[in-house]
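Read through the structure below, which is laid out as structure tokens, and then see the notes.
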Amino acid sequence: MKYQLGSQWFFYPACFLAVATAMAGCEKEPLKRHYTEVFIDAQKQERANNDADPHASLQQMMPQDEIHANLNMRDMGLQQGLDASVVKTPLSWETPKEWAEKTGSGMRLATFVSLDEKHPVETTIISLGGEAGGDAANVTRWMRQIQIEVPPAEELEDFISRQERLTSVSNLPVLMVDLTSFQNQPDSPSMIAAIIEREGATIFVKMNGSRQAVLENRGRFKALVQSIKVNE
Amino acid sequence: MNLRQKLRGIKLIRSFASIKLTVCCLLLLFILTIWGTVAQVHSGLYLAQQRYFQSFLFLALGFIPFPGGQSVMWLLFVNLISVALIRLVYKWRHAGIIIIHLGLLLFLFSGYITLRWSKESFISLYNGQSTNVSTAYHDWEISVWEKNADGDPLKITREVTAMDAEGLHPGQGLGFDGSGFRLTVEEFYKNCDAYMGEGNQGDVLNAHGIGKLTPLALDREPEKNIPGGIFHIQTKKGDKILLYGGESKPTAFKAGGGEHEIMLRLKRYPLPITLKLVEFMREYHPGTDTARSFKSRVSVEVKEATREKLISMNNPLRYKDYTFYQASFSVDNSGRESSTIAVVKNAGRFLPYVSTFVTFSGLLINFMIALNSRKGYEPPFVENV
């Protein structure tokens with residue numbers, strides 16, 4: 001018996017589309033909800049007391065670097081932990097004119113982006129408790145982040161000793177670490193960082209971008225670092 | 001003419017009971033399963049689920065309407081109901097087929113219950129912290145409460161009025177009439193960056209000094225999208241408030257004769273219990289820093305009665321429709337550990353087990369009947385309907 005296409009073969013696609021379109025067109029109104037929210041932190045005072053002790057952060061279970069600031073901050077447990085580890089230094093600074101300041105989050109007190117879209121740089125300010133690993137450890141980690149071969153310990157110490165040292169407006173000692181000298185290509189990912197030491201905390205300021213962009217913004221970076229002030 | 005014969009006379013029901021529709025639906029489910037599985041590599045699990053399995057319709061290749069998983073499963077459900085109404089032969093020798101049919105209907109029903117009413121969220125607590133709400137993974141709300149100037153910093157109790165931030169668009173009004181004010185959405189972005197200082201909107205109220213939002217493309221991982229918006233408060237003064245999902249504290253403002261705090265934050269779901277993390281415990285594999293197991297000793301308060309319970313990786317806490325699983329943990333710089341507990345609310349969590357049992361029973365009964373049958377084959381369906 002010959003199978004004849006009747007009107008039925010239109011039926012199924014029409015059915016699908018009709019049901020689907022009708023349901024897809026239903027727009028939800030915002031729901032209004034009422035609830036009582038209770039949050040108790042019985043040990044908050046104890047934690048606040050411990051944070052005042054600069055030695056409380058010496059036992060470090062996570063690397064003291066801003067790599068972890070890039071972790072998914074929607075893990076609220078992680079965010080709470082990272083927020084608690086940050087020493088809430090009351091800092092202020094002057095944003096360079098050609099940079100825009102984004103809101104800080106988690107470990108980052110501030111993030112700046114350059115307005116130059118052709119040669120963009122991103123700069124972050126992080127404050128961590130204690131010595132935060134030491135200069136050599138931090139410089140080593142930064143070199144690895146931008147794929148620079150880490151020199152032997154003696155050469156590394158020599159490199160660090162030759163870096164520029166200055167003071168901020170609130171007389172905090174600043175070590176500028178310029179890694180652009182290790183690279184030749186203008187497009188190589190590069191970095192200039194600053195380590196600012198204060199009592200009980202270390203402030204890291206780090207600028208990332210291509211070598212060319214980083215060198216073009218070196219002056220603005222230095223101005224930002226020197227403007228950092230502790231508001232006691 | 002009995003009822004079944006009358007129903008067989010209705011062309012629409014005959015069409016819905018067609019075996020061709022069943023085959024069509026199964027074929028579409030097969031295509032959607034493969035398509036969605038492959039798509040999640042690029043789109044991410046959440047977006048692939050929403051587009052291919054939870055939607056009614058989506059545009060394939062950008063312009064071809066294609067039925068989504070919900071449409072297909074609804075049609076399959078209607079198809080099975082129609083078959084049950086006019087085509088199944090209700091005799092004892094076909095009991096197995098009828099029970100299998102019922103099991104399939106239960107499967108689809110349980111899927112709908114889970115889709116429509118189940119909620120997943122989480123709680124993250126340090127030792128000694130308690131809460132009675134869980135937090136959504138990537139749904140947002142605008143929450144408002146009265147500012148309590150003399151509040152105890154160790155205990156926060158708020159009466160919150162919240163509205164879902166899903167689908168907000170410019171011009172939309174949000175009525176917090178109980179608090180005496182309304183908001184109008186001026187700008188809203190599902191994902192954006194926030195910048196300090198003065199922005200295009202002039203002075204806006206914001207707890208962190210954010211003045212400008214710039215929209216960003218949606219990330220395929222929904223938890224990376226941080227929304228933000230600017231809202232006009234409908235008062236004589238007509239303040240504007242900027243809310244950004246990445247903020248850690250609320251913005252205070254005056255309206256309706258009182259002082260309020262408002263925040264754009266991940267949605268909170270009230271729980272029927274207050275959960276306190278008494279102690280988080282972690283064991284390592286010997287000689288390594290890899291966690292072998294971790295568990296949370298919690299205190300569960302229900303109507304002023306408290307009991308302690310241990311939540312570990314294969315030992316969740318169950319209370320009414322809620323299940324609390326030990327999901328993860330984190331360690332801060334000073335070694336303090338916090339525990340993250342996944343919370344699943346699913347009223348229909350037993351239905352898949354019931355469906356499986358029913359379908360398996362039908363199969364077993366059908367095979368037993370077939371093995372013991374002395375009569376010839378008799379089809380379980382009415383043909384040529």
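Reminder, nothing fancy here: chain letters follow the sequence lines and each chain counts from 1.
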Worksheet entry | Side chain proximity check, B/Tyr195 to A/Val113, heavy atoms < 4.5 angstrom |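 The answer is yes; the side chains approach within 4.5 Å.
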
Fill in: Beyond-backbone contact of B/Met163 with A/Arg33, side-chain heavy atoms, under 4.5 angstrom
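No, too far: nothing below the 4.5 Å cut-off.
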
Residue [X] versus chain A: region with a heavy atom under 4.5 Å:
| X | result |
| --- | --- |
| B/Tyr244 | side chain |
| B/Asp193 | side chain |
| B/Leu174 | side chain |
| B/Glu247 | neither |
| B/Ser143 | side chain |

Practice prompt. Can you sort out the partners of B/Arg51 under salt bridge (charged side-chain N to carboxylate O under 4.0 Å, His left out), two or more places apart, ordered by chain and number?
Written response: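 If we apply the salt bridge (charged side-chain N to carboxylate O under 4.0 Å, His left out) test to B/Arg51, skipping adjacent residues, there are no hits.
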
Worksheet item: Can you name the salt bridge (charged side-chain N to carboxylate O under 4.0 Å, His left out) partners of A/Arg144, sequence neighbours left out?
Response: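 With sequence neighbours excluded, A/Arg144 shows a salt bridge (charged side-chain N to carboxylate O under 4.0 Å, His left out) to no residue whatsoever.
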
Discussion item. Assess the residue pair A/Phe39 and B/Gln129 against the criterion (side-chain contact (heavy atoms from CB on, under 4.5 Å)); give the C-alpha distance rounded to whole Å, side-chain angles, the decisive distance to 0.1 Å, and a yes or no.
Written reply: CA-CA 7 Å; A/Phe39 180 76; B/Gln129 289 184 335; 3.5 Å; yes

Worksheet entry | Carboxylate-amine/guanidinium contact A/Glu37 B/Arg265, below 4.0 Å |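 Result for this pair is yes, salt bridge flagged.
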
Worksheet item: Would you find more than 12 non-hydrogen atoms of other residues, nucleotides or ligands less than 6.0 Å from A/Glu94 atom CD?
Response: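 No - once you tally the heavy atoms of other residues, nucleotides and ligands closer than 6.0 Å, there are 12 at most.
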
Item to complete: Give a yes or no on this: more than 12 heavy atoms of other residues, nucleotides or ligands lie within 6.0 Å of atom CD of B/Glu146.
Response: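 No.
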
Discussion item. Using modelled atom types and a 3.5 Å cut-off, is there a donor and acceptor pairing between side-chain atoms of B/Lys212 and backbone atoms of A/Lys102?
Written reply: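 Answer holds: no.
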
Practice prompt. Identify the heavy atoms of B/Asn132 and A/Thr36 that sit nearest to each other, and give their distance.
Written response: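 Closest pair (atom of B/Asn132, atom of A/Thr36, distance): ND2-O, 2.9 Å.
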
Rounded to the nearest 0.5 Å, what separation is found between the [atom1] atom of [X] and the [atom2] atom of [Y]?
| X | Y | atom1 | atom2 | value |
| --- | --- | --- | --- | --- |
| B/Lys276 | A/Asp41 | NZ | CG | 10.5 Å |
| A/Tyr35 | B/Thr161 | OH | OG1 | 9.0 Å |
| A/Ile40 | B/Thr157 | CD1 | OG1 | 7.0 Å |

